[in-house]
Amino acid sequence: MAVGNLLWLNILIVYVIINGGVEASHKVYPLFQSLTPLNITQLHRTAFHFQPPKNWINGPMYYNGIYHFFYQYNPKGAVWGNIVWGHSVSKDLINWEILEPAIYPSKHFDINGAWSGSATILPTNKPIILYTGLDSNHMETQNYALPANLSDPYLRKWIKPGNNPLFYPEKGVNASAFRDPSTAWRLKDGRWRVVVGSKWNRRGIVHLYESRDFIHWTKAKHPLHSAPNTGMWECPDFYPVLLSGKEGLDPSDLRKHVKHVLKVSLDATRYDYYTVGTYVRDEDKYVPDNTSVDGWAGLRYDYGNFYASKTFFDPSKQRRILWGWVNESDSTQDDVQKGWAGIQAIPRRVWLDPNQRQLKQWPVEELKSLRGEKVQMSHQKLNTGDHIEIKGITAAQADIDVTFHIPSLDKAEPFNPRWKDAQALCANRGSKVGGGVGPFGLFTLASKNLEEYTAVFFRVFKTSRNYVVLLCSDARSSSLKDGLYKPSFAGFVDVDLADKKLSLRSLIDHSVVESFGGGGKTCITSRVYPTLAVLGKAHLYAFNNGDETITIKSLNAWSMNKPHIN
Ligand SMILES: *[C@@H]1O[C@H](CO)[C@@H](O)[C@H](O)[C@H]1NC(C)=O
Ligand SMILES: *[C@@H]1O[C@H](CO)[C@@H](O)[C@H](O)[C@H]1NC(C)=O
Ligand SMILES: *[C@@H]1O[C@H](CO)[C@@H](O)[C@H](O)[C@H]1NC(C)=O
Ligand SMILES: *[C@@H]1O[C@H](CO)[C@@H](O)[C@H](O)[C@H]1NC(C)=O
Ligand SMILES: *[C@H]1O[C@@H](CO)[C@H](O)[C@@H](O)[C@@H]1NC(C)=O
């Protein structure tokens, strides 16, 4: 694949879970769509996260000196329905120009929906999109689209050739669960491969298809991978990562000493899971390492609101970037009143952790261009019960990066090996429940007297062999308003604490707190809707409610400016 000219698109689709069950379907709200929002409050609107000016959004993407973002968008309302492919472009992943939608359902093969897909650049330097169309028989088919004018740097117009669909769900493939083609990759034999998400009964599957010319596709004898009892696998993403270093790779890179990552969005839980493993190219099979499990107990990109994400290779900076969709945690009625729903997480660079068991993630460096006033702190002690204010920045719109030093781990509480569920553990031991080492961390989007706050914090436990670190992003006290979804999101952080340090970075943007623990080993995104801690009335504190005194080794915090998003 020609490095330097990769087009990458990906389009996501949203399903609304009915009765919290496994089955999902698109739910349309015709009544709400006909309402004009009466009071579009901007109170919780994010400032530096991407969202279109109004209405429903989800989904990311990239291209050739210019980053492209295609997303599922309802031009008529802040609920799911009337979905077209919205299209925005950027030169830096931060400032965006919103263009006319790129694709509308219009042909028999996509008349009931132009759903999620991905793009690939052919060696002739032509981009091609593969996407799922819901056809006139309500079958999920795989189609392609091409830019109408390659001289247009923004690729505004796309055409859907008449020989679509490229492939139908054949016998043995569930025609109602066959969607979201990945970016294609090519091996030495010259054949392209692509995976499509699916299920058969309760088995999650990524079907593998192969082609020499990108037009004629045949199903491989076996799927690239599958796992029992995981339900539908949506938005599959499959890519190589180097064993060491932060450099990203083109999906068709043929280097031998790499690992591969397979990510799927599990419709049953609505979270994105990945495994690290080996792509056995001779057999066209992916085998997860024994340190990575498939399914609900697996590794997650983010232990909070984050779904239908995709990565792309950015040849201009030799990096792989992950972009996920972050939904709202309020009600559909609130979304109609706000006039918008859904944001994109800040794009994250991803690479393999040196321990080779998991990925690390970090906000793209371009985000620094939005940093304004800065405050600093170092060697600040946090005694038991302390909460000290970090003043001098806009606490509702900030980037904060802190490294804590733990002088002694002796007081760490014992860890019960039966505690597998981090979120349940965090629910049980919130930020105000005293401990040995921790809880310590940040009260973000906090009201002056802590009637409201979103606590992002660590707690350290010990086993007979090692330490277990829990990172929580607890929304339970985030708002005085009732009826919101306020989970105690949490994940374990795979660090050995040999250096007695723990770092935390949080991006705070009015109704979102996006946190990166342990240098990006464990990430958690929470959506919160404070009533007191808004705009200039939001505060930021560092706290410690553990018996052991913790030191803020260094803290840097910035007010964040607003990017240009037209
Ligand atoms: C709009 O909503 C905001 C926040 O709920 C409220 O403060 C304001 O008074 C409302 N405005 C109107 C015109 O109803
Ligand atoms: C293609 O795009 C280029 C650059 O924007 C423009 O000059 C040209 O007129 C376009 N061609 C057509 C047929 O629209
Ligand atoms: C196929 O998918 C549909 C929609 O999710 C589901 O209702 C049905 O049970 C699936 N059939 C099989 C065999 O997996
Ligand atoms: C996991 O796989 C590695 C090699 O990849 C092997 O050395 C190790 O023994 C395996 N561990 C278990 C528990 O199977
Ligand atoms: C986001 O919203 C919350 C609250 O309504 C749901 O519980 C989640 O399932 C939902 N997430 C996705 C990916 O749809």
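Along the sequence shown, the residues carry numbers beginning at 1. Values reported hereafter were calculated over all heavy atoms of this structure, with side chains retained and with hydrogens, waters and symmetry mates removed.
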Sequence neighbours left out, cut at 3.5 Å: what donor-acceptor pairs do the side chains of residues 222-230 make with other protein atoms?
from: His222; atom 1: NE2; to: Glu283; atom 2: O; distance (Å): 3.0
from: His225; atom 1: ND1; to: Tyr286; atom 2: O; distance (Å): 3.4
from: His225; atom 1: NE2; to: Asp294; atom 2: OD1; distance (Å): 3.2
from: His225; atom 1: NE2; to: Asp294; atom 2: OD2; distance (Å): 2.8
from: Ser226; atom 1: OG; to: Arg203; atom 2: NH1; distance (Å): 2.7
from: Thr230; atom 1: OG1; to: Gly204; atom 2: N; distance (Å): 3.3
from: Thr230; atom 1: OG1; to: Ala227; atom 2: O; distance (Å): 2.9
from: Thr230; atom 1: OG1; to: Trp233; atom 2: NE1; distance (Å): 2.9

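- In summary, Asp267 and Arg270 engage in a salt bridge, as defined by a charged side-chain N under 4.0 Å from a carboxylate O.
- A pairwise comparison of heavy atoms in Tyr303 and Gly298 identifies OH-O, 4.4 Å as the closest pair.
- Side-chain N or O atoms of Asn327 include none that pairs as donor or acceptor with a backbone N or O of Gly342 at under 3.5 Å.
- Listed for the Gln142 side chain is a donor-acceptor partner under 3.5 Å among the backbone atoms of Phe178.
- Contact record, Gly435 with Glu413: CA-OE2, 3.6 Å, taken as the closest heavy-atom pair.
- Between the side chains of Thr525 and Asn305, no donor N or O sits under 3.5 Å from an acceptor N or O.
- A side-chain donor-acceptor contact under 3.5 Å links Arg459 to the backbone of Gly430.
- A salt bridge links Asp289 to Lys259: one of the charged nitrogens lies within less than 4.0 Å of a carboxylate oxygen.
- A heavy-atom distance below 4.5 Å is not found between the side chains of Ser244 and Leu352.
- Side-chain contact between Val460 and Leu502: present, with at least one pair of heavy atoms (C-beta onward) separated by less than 4.5 Å.
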Handout entry: Chi angles and distances behind the side chain to side chain contact (heavy atoms under 4.5 Å, CB included) call for Trp351, Trp362
Key = CA-CA 9 Å; Trp351 68 97; Trp362 202 245; 3.8 Å; yes

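- Between Ile215 and Leu166 the shortest side-chain heavy-atom distance falls below 4.5 Å.
- Evaluation of the salt bridge (Lys or Arg N to Asp or Glu O under 4.0 Å) test over residues 464-477, restricted to residues two or more places apart or in two chains, returns Asp474-Arg476.
- One side chain, Ser515 or Ser506, offers a donor N or O that lies under 3.5 Å from an acceptor on the other.
- The distance from atom CG of Leu93 to atom CZ of Arg348, rounded to the nearest 0.5 Å, is 14.0 Å.
- With no hydrogens or angles considered, a side-chain donor-acceptor pair links Ser473 and Ser526 at under 3.5 Å.
- Residues Asn137 and Tyr168 have side chains not in contact (no heavy-atom distance under 4.5 Å, counting atoms from C-beta outward).
- The closest donor-acceptor contact from the side chain of Tyr274 to the backbone of Leu359 lies under 3.5 Å.
- Figure legend: Arg186 and Trp192 shown as a cation-pi pair, the cationic atom lying under 6.0 angstrom from the six-membered ring centre and within 45 degrees of its axis.
- Of all heavy-atom pairs between Arg429 and Phe461, the closest is NH1-CE2, 4.1 Å.
- For Phe238 and Tyr279, the ring centers sit closer than 6.0 Å to each other.
- Of the possible polar contacts, none joining the Thr275 side chain to the Ser292 backbone as a donor-acceptor pair under 3.5 Å is found.
- Side-chain atoms of Tyr131 and Asp110 include a donor-acceptor pair closer than 3.5 Å.
- With hydrogens and angles disregarded, a donor-acceptor distance shorter than 3.5 Å links the side chain of Thr183 to the backbone of Ala119.
- Note that CG of Leu367 is 6.0 Å distant from CG of Leu507, once rounded to the nearest 0.5 Å.
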Problem - Derivation and outcome, side chain to side chain contact (heavy atoms under 4.5 Å, CB included), residues Leu409 and Lys500 - result: CA-CA 8 Å; Leu409 291 159; Lys500 305 246 177 71; 4.0 Å; yes

Side-chain donor-acceptor contacts of residues 418-428 below 3.5 Å, not counting sequence neighbours, with atom names and distances?
from: Lys420; atom 1: NZ; to: Pro417; atom 2: O; distance (Å): 3.3
from: Asp421; atom 1: OD1; to: Gln423; atom 2: N; distance (Å): 3.0
from: Asp421; atom 1: OD1; to: Ala424; atom 2: N; distance (Å): 3.1

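- Inter-residue side-chain proximity for Val456 and Ile524 is flagged as unmet; no heavy-atom pair is nearer than 4.5 Å.
- Between Phe313 and Pro240, the closest side-chain pair of non-hydrogen atoms is not below 4.5 Å.
- For the residue pair Thr463/Asn466, the side-chain donor-acceptor check at 3.5 Å is satisfied.
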Exercise for the section: Dump the intermediate steps for side chain to side chain contact (heavy atoms under 4.5 Å, CB included) on Leu130 and Tyr209, then the final yes or no. Expected result: CA-CA 12 Å; Leu130 293 178; Tyr209 282 76; over 6 Å; no

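- Using cut-offs of 30° and 60° on the angle between ring planes, the pair Phe440 and Phe404 is perpendicular.
- Leu134 contributes atom CG, which lies 13.0 Å from atom CZ of Phe109 (distance to the nearest 0.5 angstrom).
- Looking at Arg527 and Tyr485, their side chains never come closer than 4.5 Å, going by heavy atoms from C-beta outward.
- Rounded to the nearest 0.5 Å, atoms CZ (Arg300) and SG (Cys523) are 11.5 Å apart.
- Scanning for side chain to side chain donor-acceptor pair (under 3.5 Å) contacts around Asn143 gives Thr141, with sequence neighbours left out.
- Remark: Lys310 does not engage Asp237 in a salt bridge, criterion side-chain N to carboxylate O under 4.0 Å.
- In terms of modelled atom types and a separation under 3.5 Å, the side chain of Thr444 and the main chain of Thr454 share a donor-acceptor contact.
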Exercise for the section: Determine, stepwise, if the pair Val437 / Lys462 fulfils side chain to side chain contact (heavy atoms under 4.5 Å, CB included). Expected result: CA-CA 10 Å; Val437 178; Lys462 67 177 163 215; over 6 Å; no

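- Not a single side chain to side chain donor-acceptor pair (under 3.5 Å) links Ser431 to another residue, sequence neighbours left out.
- Taking the side chain to side chain donor-acceptor pair (under 3.5 Å) definition, one finds that Glu210 meets it with Arg191, sequence neighbours left out.
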Problem - Evaluation steps, side chain to side chain donor-acceptor pair (under 3.5 Å), between Tyr239 and Ser182 - result: CA-CA 10 Å; Tyr239 54 90; Ser182 69; over 6 Å; no

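- Here Glu247 contributes atom CD and Lys317 contributes atom NZ; the two are 14.5 Å apart, rounded to the nearest 0.5 Å.
- Taking 4.0 Å as the cut-off between side-chain N and carboxylate O, Arg349 and Glu365 do not count as a salt-bridged pair.
- Panel note: side chain Ser198, backbone Ile205; no donor-acceptor pair is recorded below 3.5 Å.
- The number of heavy atoms from other shown groups lying within 6.0 Å of NZ (Lys246) does not exceed 12.
- The distance from atom CD1 of Ile508 to atom OG1 of Thr46, rounded to the nearest 0.5 Å, is 14.0 Å.
- In this structure, the side chain of Gln358 does not engage the main chain of Asp353 through any donor-acceptor pair within 3.5 Å.
- Although no hydrogens or angles enter the test, the distance criterion places a donor-acceptor pair under 3.5 Å between the side chain of Tyr529 and the main chain of Ser329.
- Here the side chains of Val287 and Val280 are in contact, with some heavy-atom distance below 4.5 Å.
- By the 30° and 60° cut-offs, the orientation of the rings of Tyr301 relative to Phe306 is perpendicular.
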